[in-house]
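In what follows, chains carry the letters A, B, and so on, assigned in the order in which the sequence lines appear, proteins first and then strands, with residues in each chain numbered from 1. Computation of the quantities below employed the complete heavy-atom set of this structure, encompassing side-chain atoms and omitting hydrogens, waters and symmetry-equivalent molecules.
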There are 2 protein chains.
Amino acid sequence: MRRRYITIKDIAKALDISVATVSRALRDTYDVNSQTRQKVLAMANELNYKPNFNATGLVKRSTHNIGVIIPAITNYYFSTVITGIQEVAKDHGFNLILFLTNDSPEVEIKIVEDLSVSSLDGILACVSAHENNYAHFIEIIDDGLPVVFFDRVADNITASKVMQDDYNGAFAAVQHLIDCGYKRIAHITGPKDLLLTQKRLSGYEHALKINNLTIDPSLIIHSGFSQADGISDISLLFAQNTQAPDAIFAVNDRKGIGAILALKQKNILIGKEIGVIGFTNDPICEIISPTLSTVAEPAYEIGKTSCSLLLKHINKAAFAAQNVTLSAELIVRESTQRG
Amino acid sequence: MRRRYITIKDIAKALDISVATVSRALRDTYDVNSQTRQKVLAMANELNYKPNFNATGLVKRSTHNIGVIIPAITNYYFSTVITGIQEVAKDHGFNLILFLTNDSPEVEIKIVEDLSVSSLDGILACVSAHENNYAHFIEIIDDGLPVVFFDRVADNITASKVMQDDYNGAFAAVQHLIDCGYKRIAHITGPKDLLLTQKRLSGYEHALKINNLTIDPSLIIHSGFSQADGISDISLLFAQNTQAPDAIFAVNDRKGIGAILALKQKNILIGKEIGVIGFTNDPICEIISPTLSTVAEPAYEIGKTSCSLLLKHINKAAFAAQNVTLSAELIVRESTQRG
DNA sequence: AATAGTAGCGAGAACGTTAACGAAAACTAT
DNA sequence: ATAGTTTTCGTTAACGTTCTCGCTACTATT
């Protein structure tokens, strides 16, 4: 059986004072004589006292836990975001409780509905594609639980959102392809109902328009976010087009990698015959050959700002929802070099 | 301000019965009439009642949280292990609280010492290299908190441990290199005081011995686990050896990748001139060119069994510490092909 | 008919902490 | 010396559960 932990009662008894005084001394606020505070602190240290979060949580109606709901952590972007989140959470004495949806809307809904909301002070969420059915989130938000969305956000929920600059990032990527001389540029992207997808798509379309290139719907493929999706998108693209594309803008690096792998299989020279650019700046971009041009997302920063934003919501109930966009930067590598 | 949550008092009041009965009905145990239980359940559902974990945790002296202490999550192995952990934790109604040590002993010690042990039912840990100074863990174990170590474990702590079969995996890797005709095999590995390092090293040494190859200490390099460490290990290896190695056994794939990158830089033909093999089976093995031979670790399984083991400790105080070794499998790819 | 047993429920304490209130002690100003 | 302030502390009631008793009203047994 677990040993009983030291409580403030033990400290109080040892010092022959009341628990209230101990509590006050420990919290270093309120009116308490500095000498007695010293004694309390010393005794707490001696007994190796650790506060009981269940008890404080009960009375203060707050735990120091924030929930992170995320599709997966086995990829660079998500794990880096979480690292950023963890960094600021730790600095403020908050714990991270991890929930993995496995990119399944059903799992996500179940997680959110089963959530024992009373054990969380707030939530950081990166949603799965749902065809705009986010009732489960709206419910907990209405309950008053602070929620901040990041990366994949739903466009019809009023809550704080943190995203990279998807529109301008996509625009820069496509403009770069055009500058390199590519003309028939395909876009392999994610589910339609995510804001991220929409913004990158509109960045893509705008870049084409401004350069007087036509937007060909048969060059736009919506599917999932995985490397395998990238591979199958390429098959589709070459199957359904009489005139093959000469460049691929992938919604993320994993799909870009998939595209490169598929194109290599077809013995198409990447760079020279077909340009490929991704989005994220996964370290794998520098390992694959040819190295993959991309748009760097500030994943770590996104994690940090999402968490700080959430903490503001937690601390001030009236803190207004806020949209933050972090800039993304074009990184040119071999996969878009003609030479 | 947060809306007040529904409690069992509300259910009791609505049904005009006592809280004790509601509590019993909800827990579906104890003596309670099946009709009143139905009524309670119906009302709980109607009011959307969610139990308050702080309250139950207080009285039962247990939260449903397990802590995961891990160096980082931005790599395939760790994130996959966590995915496995999360899977079984979720199935048993446990939450995961994530702590990242950033591979720093100081950070790890601080995390463990600051741990509000009362808010955790158990801990899953993958330690940093410490030169056998694990007092911080020993203390919480002595306090009665169940701890299960995985992957990187300390050899002088008595607690349950879950590892891949490092010895046989390493042996298989080196035997494979020898079978391919490589003769001067270097080993670039991790910190000396980790059991993992020691076991892989002894697998390496044993394979050499059995094949009548001499163990050359100048071919064994201890450093960190990162890709950058792999790169610098190669420089070291070529700088300090008059007779260069003709094969590299890397303690993990990231160092293997680093080695490949460094060797490519030197224009040394991988496979033909020098064989390279890693350990992990990171998906990146199939993306890099040449593809990297490796020993596949059952990362997901390690996560799952670690967590199940921890749950057994949590549920039965007297459950004896146990060592579990999961087998690892040789995977041959291009980086060890002579042809 | 008397007793024992059992099913079903309620009262109240406990878990460890904080917060509202108030009281004693010490100090200040008159 | 007296009244008024502060400073410092203790009492007590919460927070939402569970758990130990014990009570009532049946049913079964003799």
*What parts of residues 38-47 of chain A reach DNA chain C, counting only heavy atoms under 4.0 Å away?*
none
*asked:* As a quick check of understanding, evaluate salt bridge (Lys or Arg N to Asp or Glu O under 4.0 Å) for A:D121 and A:K60, giving each step before the final call.
replied: CA-CA 11 Å; A:D121 286 357; A:K60 303 246 288 229; over 6 Å; no
*asked:* Can you identify which nucleotide, out of C:dC9, C:dT17, D:dG10, has its nearest atom closest to the B:T21 side chain?
replied: C:dC9
*Between A:E297 and A:Y76, does any side-chain donor sit less than 3.5 Å from a side-chain acceptor?*
no
*Report the nucleotide, chosen from D:dT8, D:dC15, C:dC9, that has the shortest atom-to-atom distance to any side-chain atom of B:T36.*
C:dC9
*Nearest-nucleotide pick for A:N33, side chain only, options being D:dC9, C:dG10, D:dT17*: D:dC9
*Contacts of B:F149 that satisfy ring-ring contact (aromatic ring centres under 6.0 Å, His included) - sequence neighbours left out*: B:F137
*In whole angstroms, how far is the P atom of C:dT18 from the CG atom of A:N52?*
10 Å
_Short side-chain N/O contact from A:R61 to OP1 or OP2 of D:dG16, under 4.0 Å_ = yes
*How long is the line joining CG of A:L58 and C1' of C:dG16, in whole Å?*
9 Å
*So do A:V68 and B:L98 actually touch side chain to side chain, heavy atoms under 4.5 Å?*
no
_Would you say B:T21 and B:S18 are linked by a side-chain donor-acceptor pair, where the criterion is simply a distance under 3.5 Å?_
yes
*Please check the phosphate of D:dG16 (OP1 and OP2 only) for any side-chain N or O of B:K50 closer than 4.0 Å.*
no
*asked:* Please pick, from C:dG10, D:dT18, D:dG16, the nucleotide with the shortest atom-to-atom distance to any side-chain atom of B:K60.
replied: D:dT18
*Starting at CZ of B:R37 and ending at C1' of C:dA7, how long is that distance when rounded to a whole Å?*
13 Å
*Length of the CD1-P vector between B:I6 and D:dC15, whole Å*: 14 Å
*State, with a plain yes or no, whether a side-chain heavy atom of A:I111 is found less than 4.5 Å away from one of A:V107.*
yes
*Kindly say if B:Y5 contacts the phosphate of D:dT17, meaning a side-chain N or O under 4.0 Å from OP1 or OP2.*
no
*Could you check B:N54 against B:A20 and say which one's nearest nucleotide on DNA chain D is further toward the 5' end?*
B:N54
*Select one nucleotide: of D:dC15, C:dC9, D:dG10, the one nearest the side-chain heavy atoms of A:S18.*
D:dG10
*What integer distance in Å separates B:R27:CZ from D:dT17:P?*
11 Å
*asked:* With each end axis built from five pairs of C1' atoms, what bend angle do you get for the helix from C:dA1-D:dT30 to C:dT30-D:dA1? Round to 10°.
replied: 50°
*With a 4.0 Å cut-off, would you call B:K50 and A:D143 a salt bridge?*
no
*Would a 4.5 Å heavy-atom cut-off, applied to side chains only, mark A:F99 and A:L115 as touching?*
yes
*Using a heavy-atom cut-off of under 4.0 Å over every strand shown, decide if A:Y49 touches base, sugar-phosphate, or nothing.*
sugar-phosphate
_Rounded interatomic separation in angstrom, taking CD1 from B:I17 and P from D:dC23_ = 22 Å
*Rounded to the Å, how far apart are B:F53 CZ and C:dG16 P?*
20 Å
*Using a cut-off of less than 4.0 Å, is there contact between a side-chain N or O of A:T7 and OP1 or OP2 of C:dG16?*
no
*Could you check A:T56 against B:V22 and say which one's nearest nucleotide on DNA chain C is further toward the 5' end?*
B:V22
*Could you tell me whether the side chains of B:E108 and B:S128 share a donor-acceptor contact shorter than 3.5 Å?*
yes
_Whole-Å distance separating the CZ atom of B:R24 from the C1' atom of C:dG10_ = 7 Å
*Between A:N48 and B:E139, a side-chain donor and acceptor under 3.5 Å*: yes
